[in-house]
Amino acid sequence: MTAFWTEPDFDDHEVVHVVRDRNSGLMAIIALHSTHLGPGAGGTRFWHYPDPKDGLRDALRLSRGMSYKNAMAGLPMGGGKAVILADEARTKTPELLAAFGDAVEGLGGRYVTAEDVGISEADMVAVSKRTSHVSGLPAPGEGSAGGDPGPFTAIGIYQGIKAAVRHKLGKDSVQGVHIAVQGTGSVGGGVARLLAKDGAKLTLADIHADRAAALAEELGAKAVAADEIMTLPCDVLSPNALGAILDEDSIAKLDTAIVAGGANNQLARAHHGKTLFDRGILFAPDYVINAGGIISVATEYLARRDGVSAGVEEVHQRIANIPERLEEIWSKSDETGTPPDVVADRMAQELIGRG
Ligand code: NAD
């Protein structure tokens with residue numbers, strides 16, 4: 001392993017743990033970017049990296065993202081992320097998950113884990129047998145916080161899109177507003193359903209064309225091919241599939257007033273926020289608008305840790321701050337002529353004591 005502090009993604013991370021358990025074959029990296037606001041919270045990614053350095057980069061980049069996301073969501077949590085370096089066959093055994101649980105427990109609560117790519121709710125239940133510093137577990141009962149974070153992420157994005165439409169287009173409703181949704185999975189599908197109820201004009205796309213077509217049929221929307229959605233004339237483009245979709249080339253071809261969606265790390269490079277800004281396109285920084293899921297996960301964890309019960313109402317109240325936070329960012333951006341992503345990064349850095 002090379003010295004991680006020479007990596008371009010190293011950003012004064014407090015600590016980076018390399019975990020090895022020979023018996024189970026576990027090889028993992030747990031990166032804690034900042035615990036200034038509380039325990040570093042962020043999911044575990046289970047992925048096969050042909051070059052383990054890419055796993056380290058993911059852990060560094062994603063843990064920093066969680067510091068910013070948790071801070072901007074007003075949560076008493078810092079930023080952390082775990083990456084399990086899966087073998088080529090992606091072998092995931094109970095022993096491996098148990099060893100990972102032991103590693104999390106060994107950090108004594110400085111890191112709180114949950115699901116991410118490649119890790120299911122059932123996996124987290126297995127991890128929870130070895131550590132209490134885990135979240136994203138099934139909700140303990142009707143009306144309690146917990147369970148799949150996807151629907152909560154979708155609610156925050158829906159509210160963020162309405163705030164963007166108000167700010168940029170001066171409209172109090174999305175009725176008749178044309179919104180192009182890229183990705184109709186857990187998040188994008190949820191966003192589309194909520195917008196449809198408000199009478200938005202929807203165009204949907206997914207690389208699984210049948211998925212987009214079925215949802216379009218259900219909602220009375222239109223489906224287009226996945227390669228058409230980024231250039232479609234619309235009022236709002238809502239990316240809810242992959243990261244790094246906004247670069248020089250794609251931004252030049254956008255025909256929208258607003259980009260507001262849940263995909264993580266939409267800007268291919270940091271300076272692409274300015275490219276959007278210079279084109280007069282309003283951008284909702286992704287880690288602000290997509291915080292509904294972590295708000296649910298954190299509310300669930302904090303309640304369990306403190307031995308109190310948390311209802312889903314509490315989650316909704318916290319999510320309701322997302323549009324306010326976005327409005328604050330856009331207002332500062334308008335006043336100072338600074339791209340919204342730069343404003344958001346500065347606010348987050350301030351909040352984690354690195355301003
Ligand atoms: P998902 O796997 O349920 O859905 C993603 C969908 O995008 C799939 O239907 C997939 O076929 C589609 N897709 C992939 N590439 C595409 C492309 N090029 N064009 C069109 N569609 C494409 O995942 P999800 O949970 O809905 O997450 C979507 C995004 O939101 C991801 O970037 C994820 O990191 C981010 N996110 C999710 C959550 C959450 O709570 N699930 C929270 C924060 C951020």
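Everything numeric in this text was worked out from a predicted model, so none of it was measured. Both counts, for ligands and for their atoms, begin at 1 and track the order of listing.
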Can an N or O of Thr184 be found at a distance shorter than 3.5 Å from an N or O of ligand 1?
no
Set of salt bridge (charged side-chain N to carboxylate O under 4.0 Å, His left out) partners for Asp249, sequence neighbours left out:
Lys253
Test item: side-chain donor near acceptor, Thr113 and Tyr111, under 3.5 Å
yes
For atom 11 (O) of ligand 1, the closest protein heavy atom turns out to be Asp206 OD1, 2.5 Å
Atoms of ligand 1, numbered as shown, that sit under 4.0 Å from any heavy atom of Leu242
15 (N), 18 (N)
So, Arg304 versus Ser132: side-chain donor-acceptor pair below 3.5 Å or not?
no
Of all the non-hydrogen atoms in the protein, which one sits nearest to atom 34 (O) of ligand 1, and at what distance?
Asn264 ND2, 3.0 Å
Per-residue contact class, Thr153 against ligand 1 - non-hydrogen pairs under 4.0 Å
side chain
Please check atom 7 (O) of ligand 1 for a protein heavy-atom neighbour under 4.0 Å.
yes
Cationic N near anionic O, under 4.0 Å, Asp9 to Arg61:
no
Without placing hydrogens or testing angles, list every side-chain donor-acceptor pair under 3.5 Å for residues 80-88, not counting sequence neighbours.
unit_1: Lys81; atom_1: NZ; unit_2: Asp116; atom_2: OD1; d: 3.3
unit_1: Asp87; atom_1: OD1; unit_2: Ala89; atom_2: N; d: 3.1
unit_1: Asp87; atom_1: OD1; unit_2: Arg90; atom_2: N; d: 2.8
unit_1: Asp87; atom_1: OD1; unit_2: Thr91; atom_2: N; d: 2.9
unit_1: Asp87; atom_1: OD1; unit_2: Thr91; atom_2: OG1; d: 3.0
unit_1: Asp87; atom_1: OD2; unit_2: Thr91; atom_2: OG1; d: 2.7

Basic-acidic side-chain contact under 4.0 Å: Glu335, Lys332
no
Ignoring hydrogens and angles, state whether a donor on the side chain of Glu95 or Ser24 is under 3.5 Å from an acceptor on the partner side chain.
no
If you scan protein heavy atoms around atom 4 (O) of ligand 1, the nearest is Gly185 CA, 3.3 Å
His167 and Asp334: side chain donor to acceptor below 3.5 Å:
yes
What atoms of ligand 1 come closer than 4.0 angstrom to any heavy atom of Gly262?
30 (O), 35 (C), 36 (N), 44 (C)
Sub-3.5 Å N/O-N/O distance, Gly188 and ligand 1
no
Heavy-atom contacts with Gly150 under 4.0 Å: which atoms of ligand 1 show up? List them by number with element.
40 (O), 41 (N)
Could you tell me whether atom 13 (N) of ligand 1 has at least one protein heavy atom nearer than 4.0 Å?
yes
Please indicate whether any nitrogen or oxygen in Ala241 is less than 3.5 Å from any nitrogen or oxygen in ligand 1.
yes
Could you list the atoms of ligand 1 found under 4.0 angstrom from a heavy atom of His208?
11 (O)
